[in-house]
Number of protein chains: 2
Amino acid sequence: MPKRERQRQLEISLEQNPFLTDEELSKQFKVSVQTIRLDRLECGIPELRERLKTVAARTMEAEVKSLQSDEIIGEIVDIVLDKRAVSIFDVTDDHVFRRSGIARGHHLFAQANSLAVAVLDDDLALTVTSDLHFLKPVRSGDRVIARAIVDKERSNNKRTFVDVISTVENETVFTGEFQMYQTTDHSGREI
Amino acid sequence: MPKRERQRQLEISLEQNPFLTDEELSKQFKVSVQTIRLDRLECGIPELRERLKTVAARTMEAEVKSLQSDEIIGEIVDIVLDKRAVSIFDVTDDHVFRRSGIARGHHLFAQANSLAVAVLDDDLALTVTSDLHFLKPVRSGDRVIARAIVDKERSNNKRTFVDVISTVENETVFTGEFQMYQTTDHSGREI
DNA sequence: TCCGGATTAGCACTTGGTACTAATACCAGT
DNA sequence: ACTGGTATTAGTACCAAGTGCTAATCCGGA
């Protein structure tokens, strides 16, 4: 196998499995450990420990991100329980279709839906039905601001209606009407 | 600081930041490196490199998972383009409300919506509106099977209607009607 | 035949450890 | 005051997986 091709394969191997030591690689490619070291040097591939360090660093970051983004998609910036709430969601490359660069619908839905759940002062609010309108495409880099308002007129003690309007730079990109089910009895409360 | 307390703090420190070397820890706790080593030994905390290895391993796993789960939520098991498609989504603890154990709505939506996108033989299909019904709660461990059917009667060359029905053990848990926008012109094709 | 890139080998040194031994410190009990 | 036990510190030998360097060898083409 020619040198160029081996180096290409090496990069692929390490991308798939950064845990390989030079010795393991030398066996895989049937060359000496020194050759592997020279290859890594030429390709600018760091040693095992450095690779693990960066991979591990990625995890820590990702875990912090996913921790906060699991409960609520987006960040809640204002909330008055049982009345209204606002959340901000920054769209990144992770959220868009690669070909078109347009955000996948389920991320906008997730922001709106989790905001609708959060605005209800209930241990357990579930979505029953919802009616969605995706009005304008949202792209990577856009900051989506979702505003949820509890519609008290149409709500009763088991069903609550929450309207969510999401905007990017004051233009409405998404609207959702959520009919929510609440377990606890709210009839005794102030409405 | 007493030994017990120091060891407790040590565990906390390393959980938050597994990248700390014994030397850094010894400075942090103002004891010798050897003491830190003894503490790790007693608490069963592995050395830096082992810690990074396990953290990095977690990442790789997570990345494989999120890679496949980003394009399509769930796994497509059957598809006839522009006609129908089926996907399977296994609900885990990651998808449910901690308190109630019931799956968050946006995961069911994501499965259905991404299936609706996939079934359309188009580089760029976008969701315009959708009408959702969450009929029964879905729990961790449930296997959700989503079936998408393209409604040809109501579709024209710019708007396509896709109906998705999701079931768990033959019971319908979710239905969604998706009105999709397609960029490419399908009028010349077989319906 | 000679040149040059590619490969291999060998050695000293580095990091962040393990495993082990030994010394020291300090406090309580008798 | 002496002894015992725990805690801490110091020091040594060793290891894995490298870097950085020099030197030797191989192998193919002009």
Side-chain angles (χ1 to χ4, degrees), chain A residues 1-68 93-94, chain B residues 1-68 70 94:
Chain A
M1 186 189 297
K3 183 180 169 178
R4 273 279 137 221
E5 173 63 10
R6 187 187 58 228
Q7 295 190 340
R8 228 178 46 78
Q9 297 283 345
L10 186 76
E11 297 203 51
I12 294 170
S13 281
L14 286 179
E15 205 147 319
Q16 286 177 357
N17 182 5
F19 296 77
L20 297 169
T21 63
D22 288 358
E23 199 174 331
E24 289 168 325
L25 289 163
S26 82
K27 277 171 192 158
Q28 181 179 322
F29 290 102
K30 304 209 186 302
V31 292
S32 72
V33 173
Q34 282 76 2
T35 303
I36 296 292
R37 309 247 225 248
L38 287 176
D39 284 348
R40 276 202 297 103
L41 198 69
E42 285 183 39
C43 299
I45 301 171
E47 60 166 301
L48 170 69
R49 286 139 176 173
E50 290 305 312
R51 293 195 300 268
L52 293 191
K53 219 181 275 182
T54 59
V55 172
R58 266 214 312 270
T59 326
M60 299 305 287
E61 234 180 291
E63 270 172 18
V64 169
K65 214 196 295 179
S66 76
L67 202 72
Q68 65 190 162
D93 290 343
D94 296 342
Chain B
M1 185 189 295
K3 184 180 170 181
R4 272 279 137 222
E5 174 63 11
R6 188 187 57 229
Q7 295 189 340
R8 229 179 45 78
Q9 297 282 346
L10 187 76
E11 298 203 52
I12 295 170
S13 282
L14 286 179
E15 205 148 319
Q16 285 177 358
N17 182 5
F19 297 77
L20 296 169
T21 64
D22 287 358
E23 199 174 332
E24 288 168 325
L25 289 163
S26 82
K27 276 171 192 159
Q28 181 178 321
F29 290 103
K30 303 207 187 302
V31 293
S32 70
V33 174
Q34 283 76 2
T35 302
I36 296 292
R37 309 245 225 251
L38 287 176
D39 284 348
R40 277 202 296 102
L41 199 68
E42 285 182 40
C43 299
I45 300 171
E47 60 166 303
L48 170 68
R49 286 141 178 173
E50 291 304 313
R51 293 196 298 268
L52 292 191
K53 219 182 275 181
T54 59
V55 172
R58 265 213 314 269
T59 324
M60 298 307 286
E61 233 181 290
E63 267 170 21
V64 168
K65 216 197 294 180
S66 77
L67 201 73
Q68 66 189 166
D70 189 50
D94 296 343

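We use all heavy atoms of the structure for the numbers below, so side chains are in, but hydrogens, waters and symmetry mates are not.
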Specify the separation, in whole Å, of atom [atom1] of [X] and atom [atom2] of [N].
X       : N      : atom1 : atom2 : result
A/Lys53 : D/dG18 : NZ    : P     : 13 Å
B/Glu47 : C/dG16 : CD    : P     : 11 Å
A/Leu48 : D/dA16 : CG    : C1'   : 10 Å
B/Leu41 : C/dG17 : CG    : P     : 13 Å
B/Leu52 : C/dG16 : CG    : C1'   : 11 Å
B/Glu50 : D/dC15 : CD    : P     : 17 Å
A/Leu25 : D/dG18 : CG    : P     : 8 Å

Sequence-distant partners of A/Gln34, side chain to side chain contact (heavy atoms under 4.5 Å, CB included), two or more places apart: A/Ser32

Qualifying residues under side chain to side chain contact (heavy atoms under 4.5 Å, CB included), relative to B/Ile12, sequence neighbours excluded: B/Arg8, B/Gln16

Letter per nucleotide, 5' to 3', of nucleotides 22-30 of chain D [B base touched, S only sugar-phosphate touched, - untouched; heavy atoms, 4.0 Å]: ---------

Under 4.0 Å protein heavy-atom contact, by nucleotide of nucleotides 4-14 of chain D - B base, S sugar-phosphate only: ---SBBBB---

Polar atom pairs between nucleotides 21-29 of chain C and protein, under 3.5 Å, N or O only, would you list them?
none

Residues two or more places apart in sequence or in another chain: which of them pass salt bridge (Lys or Arg N to Asp or Glu O under 4.0 Å) with [X]?
X       : answer
B/Glu11 : none
A/Asp39 : A/Arg6
A/Arg40 : A/Asp22

Spatial distance of atom CG (B/Leu10) from atom OG1 (B/Thr35) [nearest 0.5 Å]: 11.0 Å

Separation of B/Arg49 CZ from A/Lys53 NZ (nearest 0.5 Å): 9.5 Å

Residues in side-chain hydrogen bond (donor to acceptor under 3.5 Å, both in side chains) contact with A/Gln9, at least two apart in sequence or another chain: A/Glu5

Please tell me if the side chains of [X] and [Y] come closer than 4.5 Å, counting only heavy atoms from C-beta onward.
X       : Y       : result
B/Ile45 : B/Arg51 : yes
A/Glu50 : A/Thr54 : no
B/Met60 : A/Val55 : yes

No-H, no-angle donor-acceptor pair, B/Arg49 side chain to C/dG16 base, under 3.5 Å: yes

Any B/Arg40 side-chain N or O less than 4.0 Å from OP1/OP2 of C/dT18: yes

Could you tabulate the donor-acceptor pairs under 3.5 Å formed by side-chain atoms of residues 24-31 of chain B, not counting sequence neighbours?
from	atom 1	to	atom 2	distance (Å)
B/Glu24	OE1	B/Thr21	N	2.9
B/Glu24	OE1	B/Thr21	OG1	3.4
B/Ser26	OG	B/Glu23	O	2.8
B/Gln28	NE2	B/Ser13	OG	3.0

Strand-adjacent residues in residues 13-23 of chain A, judged by heavy atoms under 4.0 Å from DNA chain C: none

Sugar-phosphate, base or nothing in reach of A/Arg51, heavy atoms under 4.0 Å: nothing

